[in-house]
Amino acid sequence: MSKSLTDLIAILALKRPELVDALNPPASDEDIASLEHTLGVSLPSDFVSALKVGNGQKGSQPGIFDEHAFYSCVEIASDWRVWKKLLDGGDFDDERSSPSAGIRPDWWNPGWIPFTSNGSGDCFCLDMVPTPEGRIGQIIFVWHDMADRQNVSDSFSAWISALCAAQGDYQ
């Protein structure tokens with residue numbers, strides 16, 4: 001059974017009550033349209049649904065995704081622009097990653113949409129430009145200073161379902 005961000009928050013709230021109010025108010029259609037325009041992509045519907053539950057999380061809260069903070073639309077665009085500026089500036093010209101199957105061997109790619117932060121530059125990303133072995137919208141993990149690029153899940157909703165299961169799937 002597929003789980004949503006609402007399900008994950010409910011499960012986390014039982015184990016970590018401080019996370020009850022972790023999310024910002026929902027993203028508006030305008031917030032999401034602006035983000036998609038900036039990124040030049042249409043975001044997967046399951047991810048858009050999550051943004052409509054909460055537009056990221058409040059900055060002072062612990063991260064809800066394995067201690068990674070969930071970015072708001074503005075934070076997604078901001079982090080993406082930082083990576084894009086580094087790419088356009090040639091910072092990654094001599095760098096190649098060691099990706100798992102389905103991920104391009106780039107150090108970073110503008111089709112990778114960061115939506116979390118661990119505070120150290122590492123992030124979970126929506127992969128909108130997978131190789132033929134991958135799936136559009138798969139979740140990948142990008143280390144800022146290591147070549148590993150890991151395919152974590154086939155979709156955002158599958159990833160959330162796995163996080164729910166890891167926390168103890170209360171039904």
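Residues W83 and V74 fall into different hydrophobic clusters, defined by Ile, Leu, Val, Met, Phe, Trp and Tyr side chains chained together at heavy-atom separations under 4.5 Å. One hydrophobic cluster, built from ILVMFWY side chains closer than 4.5 Å, holds both V82 and I113.
Annotation for S155 and I139: closest pair O-CG1, 3.7 Å, computed over non-hydrogen atoms.
Residues forming a side-chain hydrogen bond (donor to acceptor under 3.5 Å, both in side chains) with S49 (at least two apart in sequence, or on another chain): none. Under the side-chain hydrogen bond (donor to acceptor under 3.5 Å, both in side chains) criterion, D88 pairs with K84, not counting sequence neighbours. By the ring pair (Phe, Tyr, Trp, His ring centres under 6.0 Å) test, F70 is found to be paired with F65, residues two or more places apart in sequence or in another chain being considered.
At least one test fails for R149 against the ring of W112: distance under 6.0 Å to the centre or angle within 45° of the axis.
Ring pair W143/F141 is perpendicular by interplanar angle, where above 60° counts as perpendicular and below 30° as parallel.
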Margin query: Working note: S157 + D46, criterion side chain to side chain donor-acceptor pair (under 3.5 Å); need CA distance, chi angles, decisive distance, verdict.
Written below: CA-CA 6 Å; S157 58; D46 56 354; 3.2 Å; yes
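Using modelled atom types and a 3.5 Å distance limit, the side chains of E75 and S78 yield no donor-acceptor pair. Of the N and O atoms on the side chains of Q138 and D127, at least one donor lies less than 3.5 Å from an acceptor on the other residue.
Remark: D29 engages K52 in a salt bridge, criterion side-chain N to carboxylate O under 4.0 Å.
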